[in-house]
There are 2 protein chains.
Amino acid sequence: MAALQEKQVQHQECGDCPIRHRAVCARCDTDELVALEQLKYYRSFQAGQTVIWSGDRMDFVASVVSGIATLTQTMEDGRRQMVGLLLPSDFVGRPGRMIASYDVTATTDLVMCCFRRKPFEDMMVKTPHVAQRLLEMTLDELDAAREWMLLLGRKTAREKIASLLAIIARRDASLHLRQPSSQLTVDLPLTREEMADYLGLTLETVSRQISALKRDGVIRLEGKRQIVIPDLRRLLEEAGDDSDGGMLA
Amino acid sequence: MAALQEKQVQHQECGDCPIRHRAVCARCDTDELVALEQLKYYRSFQAGQTVIWSGDRMDFVASVVSGIATLTQTMEDGRRQMVGLLLPSDFVGRPGRMIASYDVTATTDLVMCCFRRKPFEDMMVKTPHVAQRLLEMTLDELDAAREWMLLLGRKTAREKIASLLAIIARRDASLHLRQPSSQLTVDLPLTREEMADYLGLTLETVSRQISALKRDGVIRLEGKRQIVIPDLRRLLEEAGDDSDGGMLA
DNA sequence: AGGCTTCCTTGACGCAGATCAATGGCGGAA
DNA sequence: TTCCGCCATTGATCTGCGTCAAGGAAGCCT
């Protein structure tokens, strides 16, 4: 039991590859770790670069090491909807599917930790923990997608903006283990247009609603890409969420 | 190899429980089957009955045997968004999570095949095939959710209706292995209000757009709950989808 | 039959957010 | 420094869908 504890700690501290942490470490053994180590490789992308286009052959799965990537769907006439926002430690790619279903784009400089699909699938069959961890992550993503559907289908523009800011603040906080001070500062990693694609709005409406929230004292702006949230509770009210997502501990 | 073929056929034909078919049969062995058999039990619900409320303790997972269930989220002020539509063979419930995240409602008379959560989780750990099959199903659901997000965020009311009709037609066809005739008849298992909750619209808009599609000859109505699609291609165009979802073989 | 209830349709009107357009600010290149 | 390109803001106007309201159709109970 002590040995298991030790091994977990060691693995959690020992690397820069989130797949290892999230998909394996929870209940890994050495063989699995070694197998994963040998398979992985890194790819870097510049901000704005496309990782893969929808419909292209995708022969790898990956997790985000640093930076931010988005999944978007596009209609023939150019209407775009973001359907996934990948922050560090998030996984992308789908075992069992060759063809990408979405455009994957780096919105900031991006480093991904990749595994060629076939060997990863083989390894998944051999090591049930990976499949189980992946199932857990996928279920989390599904929950997030459903929360997102409520936002897209039923929330007002103002509520959508407040929700997005809360989501970013939450992920930011959990990523950096920030102290839960009553005032928090959040970097917006997205342009107004990207926020619009996330929320099913136009960039003008995004801009107007951010201005409105600022005017009403819900947020303050430091430059254009950094917001200060003086009262998180207030923001969550504006978002129309009944749950705080664990932010108000 | 012949033996494997035979076993699969046998299992696919041998029962009324979709979990067994979808989660296990693809690569099952007898022990797993027996274990599942012993765990399962059935529950019936009347149309309109609530299976479980969001926030309640959910001590089972289940798959739909017959009838239709929906997952919906509700905001404090009553705005509702459907986030899942469960047809026969669909799975609901989440290993590893005690608390239901959505309201689950029977929209028609409903029979579910249930497994108590704890033993199902135990079994999942022991039999990797189940976890892998469940992962596959969850990834499919995630893809559907993302398609749904595009619909909610970017499509017009008319496109939303056309998309929904196409989705129902597709699932209907795959369920009943219908002949791909150029004209197909589809039963609408949802009220106008439920369609509105699915699409992020009001029931009045749903009604108006259905009337408009009828007026324009895209669909015909036989009664209020049955539609005839004279030209599927036309409907898919109206839906704004670039993919036909495999319907035009 | 008559009168419920439930579901659906249609009309009139208003508003939230889209669209079109102009301007401002900032950072990088020369 | 000046120019240029990108991003953001703000205003004016338009419009698709929501809201409110009034029936209609079909099924069920008495």
Side-chain angles (χ1 to χ4, degrees), chain A residues 46-49 75 77-81 105 107-109 151-165 187-216 219-227 238 240, chain B residues 46-49 75 77-81 105 107-109 151-165 187-216 219-227 238 240:
Chain A
Q46 292 174 359
Q49 232 184 322
M75 295 172 68
D77 60 7
R79 280 176 282 174
R80 291 163 55 85
Q81 176 64 52
T105 310
T107 64
T108 65
D109 288 346
L151 178 151
L152 289 171
R154 294 305 186 189
K155 289 190 179 178
T156 65
R158 185 181 175 102
E159 289 168 338
K160 285 179 175 181
I161 296 288
S163 299
L164 176 56
L165 297 181
D187 274 314
L188 291 180
L190 304 175
T191 66
R192 300 290 185 261
E193 184 172 17
E194 286 160 345
M195 292 194 237
D197 284 343
Y198 188 110
L199 299 170
L201 298 171
T202 60
L203 67 90
E204 293 94 332
T205 298
V206 169
S207 184
R208 270 187 256 272
Q209 295 299 333
I210 288 179
S211 299
L213 288 176
K214 186 175 67 175
R215 175 169 33 73
D216 299 346
I219 59 173
R220 277 182 289 122
L221 288 186
E222 318 264 292
K224 291 175 189 312
R225 292 300 198 89
Q226 187 162 259
I227 60 161
E238 293 282 353
Chain B
Q46 292 175 357
Q49 232 184 322
M75 295 172 68
D77 60 6
R79 280 176 283 175
R80 290 162 56 85
Q81 176 63 52
T105 310
T107 65
T108 66
D109 288 345
L151 177 151
L152 289 172
R154 295 303 186 191
K155 288 189 179 178
T156 66
R158 185 180 174 102
E159 288 167 339
K160 285 178 175 182
I161 296 288
S163 299
L164 176 56
L165 297 180
D187 275 314
L188 292 180
L190 305 175
T191 66
R192 300 290 185 263
E193 184 172 17
E194 286 161 344
M195 292 195 235
D197 284 343
Y198 189 110
L199 299 169
L201 297 171
T202 60
L203 67 90
E204 292 94 332
T205 298
V206 169
S207 183
R208 270 187 257 271
Q209 294 300 332
I210 288 179
S211 298
L213 287 175
K214 186 175 67 174
R215 174 169 31 74
D216 299 345
I219 59 173
R220 277 182 289 122
L221 289 185
E222 318 264 291
K224 292 175 190 311
R225 294 296 200 89
Q226 187 163 258
I227 61 161
E238 293 282 353

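To find a chain, count down the sequence lines: A is the first, B the second, and so on, and within it residues start at 1.
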Show every donor-acceptor pair shorter than 3.5 Å between a side-chain atom in residues 205-215 of chain B and any protein atom, with sequence neighbours excluded, or say none if there are none.
{"unit_1": "T205(B)", "atom_1": "OG1", "unit_2": "T202(B)", "atom_2": "OG1", "d": "3.1"}
{"unit_1": "S211(B)", "atom_1": "OG", "unit_2": "S207(B)", "atom_2": "O", "d": "3.0"}

>> When the axes are fitted on five pairs at both termini, how much does the helix from dA1(C)-dT30(D) to dA30(C)-dT1(D) curve, in 10° steps?
In response: 30°

> Looking at residues at least two apart in the chain, or sitting in another chain, which of them share a salt bridge (Lys or Arg N to Asp or Glu O under 4.0 Å) with R220(B)?
Replying inline: E222(B)

> Between the main-chain N or O of G153(A) and the side-chain N or O of R79(B), is there a donor-acceptor pair closer than 3.5 Å?
Replying inline: no

> Any donor and acceptor pair, going by atom type alone, linking the side chain of R80(A) with main-chain N or O of R154(B) inside 3.5 Å?
Replying inline: no

> What residues, two or more places apart in sequence or in another chain, satisfy salt bridge (Lys or Arg N to Asp or Glu O under 4.0 Å) together with E238(B)?
Replying inline: R158(B), R234(B)

>> Checking T156(B) now: which residues fulfil side chain to side chain donor-acceptor pair (under 3.5 Å) with it, not counting sequence neighbours?
In response: E159(B)

> Between which nucleotides of DNA chain C, 5' to 3', does chain B make heavy-atom contacts below 4.0 Å?
Replying inline: dC8(C) to dA12(C)

> Got a sec? Which of residues 153-162 of chain A come in under 4.0 Å of DNA chain D, heavy atoms?
Replying inline: none

> Which residues, if any, of residues 187-202 of chain B bring a heavy atom under 4.0 Å of DNA chain C?
Replying inline: T191(B), R192(B)

> Of all residues at least two apart in sequence or in a different chain, which pass the side-chain contact (heavy atoms from CB on, under 4.5 Å) check with D187(A)?
Replying inline: Q226(A)

Tabulated below should be each protein N or O lying under 3.5 Å from an N or O of nucleotides 20-29 of chain D; please produce it.
{"unit_1": "dC20(D)", "atom_1": "N4", "unit_2": "E204(B)", "atom_2": "OE2", "d": "3.3"}

> Do side-chain atoms of D109(B) reach the backbone of A47(B) as a donor and acceptor pair under 3.5 angstrom?
Replying inline: yes

> Of all residues at least two apart in sequence or in a different chain, which pass the salt bridge (Lys or Arg N to Asp or Glu O under 4.0 Å) check with R192(A)?
Replying inline: none

> Is the backbone of L199(B) close enough, under 3.5 Å, to the side chain of K160(B) for a donor and an acceptor to pair up by distance?
Replying inline: yes

>> So, taking the atom named CG in L165(A) and the one named CD1 in I219(A), what distance separates them when rounded to the nearest 0.5 Å?
In response: 5.5 Å

